[in-house]
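Report on the following structure.
In what follows, residues are counted from 1 in the order of the sequence shown.
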Amino acid sequence: MRPKHCFLGFLISFFLTGIAGTQPAHESLKPQRVQFQSRNFHNILQWQPGRALTGNSSVYFVQYKIYGQRRWKNKEDCWGTQELFCDLTNETSDIQEPYYGRVRAASAGSYSDWSMTPRFTPWWETKIDPPVMNITQVNGSLLVILHAPNLPYRFQKEKNISIEDYYELVYRVFIITNSLEKEQKVYEGAHRAVEIEALTPHSSYCVVAEMYQPMLDRRSQRSEERCVEIP
């Protein structure tokens with residue numbers, strides 16, 4: 001009886017081991033915090049390693065799709081990558097469509113389940129950079145020329161597309177009088193050329209600007225200060 005009992009135990013153990021060996025999903029390998037980070041419509045999928053992963057021993061596989069589609073598409077450049085990000089800008093270029101991305105990990109022949117992002121719509125969720133400023137002194141005044149950031153897309157591969165092609169933008173310009181350490185808003189509107197007049201001679205001023213999106217009630221960060229001396 002004992003040999004038969006031992007043989008039965010061996011079969012059970014072998015059977016269970018076989019099942020475990022064929023299971024590709026391991027919860028501890030599953031990528032964490034999978035989400036899109038978007039700035040000026042540069043849409044980057046990012047994630048963190050699973051709990052069991054350390055170092056560079058793992059690789060990752062990325063897929064994406066538009067909301068409502070049944071079939072996922074492989075991102076070939078991120079198929080077996082060791083990075084913790086994947087650039088999906090070109091794959092998410094229809095900015096008013098909602099997208100999903102997902103990632104799975106592999107390590108030592110074991111595969112995790114897929115980790116999926118929340119729904120991501122670039123038009124709603126991208127963050128915009130502040131405007132770039134060019135400042136020229138004109139007869140004791142300052143002429144500020146504002147430029148909205150360019151996007152990664154082009155019209156017919158010729159003309160750069162600006163953020164203004166997708167949003168109504170309001171520019172805000174502030175001037176800081178250094179001697180008084182006082183800030184004043186000197187302009188708010190849609191024009192990109194702003195003249196700041198009535199400045200005190202032999203004084204120092206700094207200018208900063210930001211953009212506001214009325215439809216989304218969202219503003220950019222402020223630009224870096226640009227400081228000038230009025231002769």
Side-chain angles (χ1 to χ4, degrees), residues 35-46 64-69 75 77 85-101 117-177 183-199 205-228 230:
Q35 59 188 338
F36 279 96
Q37 296 290 337
S38 179
R39 183 171 294 278
N40 302 325
F41 296 120
H42 291 270
N43 305 323
I44 310 299
L45 186 67
Q46 297 181 345
Y64 64 94
K65 70 174 183 176
I66 295 176
Y67 171 73
Q69 292 180 339
K75 172 61 175 174
D77 293 345
F85 65 89
C86 180
D87 189 341
L88 291 177
T89 298
N90 292 332
E91 290 74 17
T92 53
S93 60
D94 192 341
I95 64 171
Q96 293 188 333
E97 287 282 2
Y99 296 92
Y100 289 105
T117 66
R119 190 186 304 182
F120 167 70
T121 305
W123 190 86
W124 283 104
E125 298 180 51
T126 198
K127 294 180 173 63
I128 58 173
D129 284 336
V132 176
M133 295 188 301
N134 292 327
I135 301 177
T136 305
Q137 293 192 40
V138 181
N139 297 326
S141 299
L142 297 180
L143 180 61
V144 181
I145 305 299
L146 302 163
H147 301 277
N150 288 324
L151 305 185
Y153 319 124
R154 291 174 177 264
F155 284 126
Q156 300 175 350
K157 298 184 179 180
E158 295 178 0
K159 178 180 177 293
N160 283 331
I161 299 178
S162 166
I163 206 88
E164 291 178 315
D165 294 305
Y166 290 107
Y167 298 107
E168 175 193 356
L169 293 178
V170 173
Y171 294 94
R172 294 170 175 167
V173 179
F174 305 83
I175 191 167
I176 302 166
T177 306
E183 179 182 287
Q184 177 186 2
K185 182 165 67 175
V186 293
Y187 178 76
E188 179 168 344
H191 295 297
R192 293 191 292 110
V194 179
E195 186 173 3
I196 305 174
E197 301 177 299
L199 299 177
Y205 296 91
C206 294
V207 181
V208 295
E210 66 182 26
M211 292 187 300
Y212 176 66
Q213 301 164 280
M215 185 174 293
L216 301 179
D217 190 24
R218 184 186 302 163
R219 64 183 180 89
S220 72
Q221 292 183 341
R222 287 190 169 190
S223 64
E224 293 185 5
E225 291 185 4
R226 293 283 303 278
C227 299
V228 295
I230 302 300

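- Two residues are said to be in side-chain contact when any heavy atoms from C-beta on lie closer than 4.5 Å; Leu151 and Asp165 fail this criterion.
- Proximity of a side-chain donor or acceptor of Arg226 to a complementary backbone N or O of Met133 within less than 3.5 Å is detected.
- Side-chain atoms of Phe174 and Glu210, non-hydrogen and from C-beta on, do get closer than 4.5 Å to each other.
- The closest side-chain heavy-atom distance from Phe36 to Leu88 is below 4.5 Å.
- The number of heavy-atom neighbours closer than 6.0 Å to CZ of Phe85, taken from other residues, nucleotides and ligands shown, is 12 or below.
- The environment of Gln37 atom CD is dense: over 12 non-hydrogen atoms of other residues, nucleotides or ligands sit within 6.0 angstrom.
- Listed here is the closest heavy atom pair of Pro214 and Tyr212: CD-O, 3.3 Å.
- Under the side chain to side chain contact (heavy atoms under 4.5 Å, CB included) criterion, Cys227 pairs with Cys206, Glu225, not counting sequence neighbours.
- Atom CG of Asp87 and atom NZ of Lys75 lie 6.5 Å apart (nearest 0.5 Å).
- Separating the CD atom in Gln213 from the CD atom in Glu168 is a distance of 10.0 Å, to the nearest 0.5 Å.
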**side chain to side chain contact (heavy atoms under 4.5 Å, CB included) between Met215 and Tyr167, worked out** = CA-CA 8 Å; Met215 185 174 293; Tyr167 298 107; over 6 Å; no

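- The two residues Pro152 and Thr89 have their closest heavy-atom pair at CG-CG2, 3.6 Å.
- Rounding to the nearest 0.5 Å places CG of Asp94 at 7.5 Å from CD of Gln96.
- Residues Phe41 and Thr92 fail the side-chain proximity criterion, which asks for heavy atoms closer than 4.5 Å.
- Classified by interplanar angle (parallel below 30°, tilted 30° to 60°, perpendicular above 60°), the ring pair Phe120/Tyr99 is tilted.
- Between His147 and Asn134 there is a side-chain heavy-atom pair separated by less than 4.5 Å.
- Between the side chain of Ser223 and the backbone N or O of Val132 there is no donor-acceptor pair closer than 3.5 Å.
- A 6.0 Å sphere centred on CD of Glu224 holds no more than 12 heavy atoms belonging to other residues, nucleotides or ligands.
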**Request:** Verify side chain to side chain contact (heavy atoms under 4.5 Å, CB included) between Ile175 and Leu199, making sure each step is shown before the conclusion.
**Result:** CA-CA 10 Å; Ile175 191 167; Leu199 299 177; 3.8 Å; yes

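- Contact of the Glu125 side chain with the Ser38 side chain is not registered, since no non-hydrogen atoms from C-beta on lie closer than 4.5 Å.
- Rounded to the nearest 0.5 Å, atoms CD (Glu183) and OG1 (Thr177) are 10.0 Å apart.
- Under the 4.5 Å side-chain criterion, counting only non-hydrogen atoms from C-beta, Ile66 is not in contact with Tyr100.
- Partners of Glu164 according to the side chain to side chain contact (heavy atoms under 4.5 Å, CB included) rule, which considers only residues two or more places apart in sequence or in another chain, are Ala148, Ser162, Leu169, Tyr171, Arg192.
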With a cut-off of 3.5 Å and sequence neighbours excluded, list every side-chain donor-acceptor pair involving residues 135-146.
unit_1 : atom_1 : unit_2 : atom_2 : d
Gln137 : NE2    : Glu229 : O      : 3.0

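- Using a 4.5 Å heavy-atom cutoff, the side chains of Pro130 and Arg222 are not in contact.
- Put simply, the side chain of Arg218 never gets that close to the backbone of Lys127: no donor and acceptor are under 3.5 Å apart.
- Across all their heavy atoms, Asn40 and Pro149 have their closest contact at OD1-CG, 3.7 Å.
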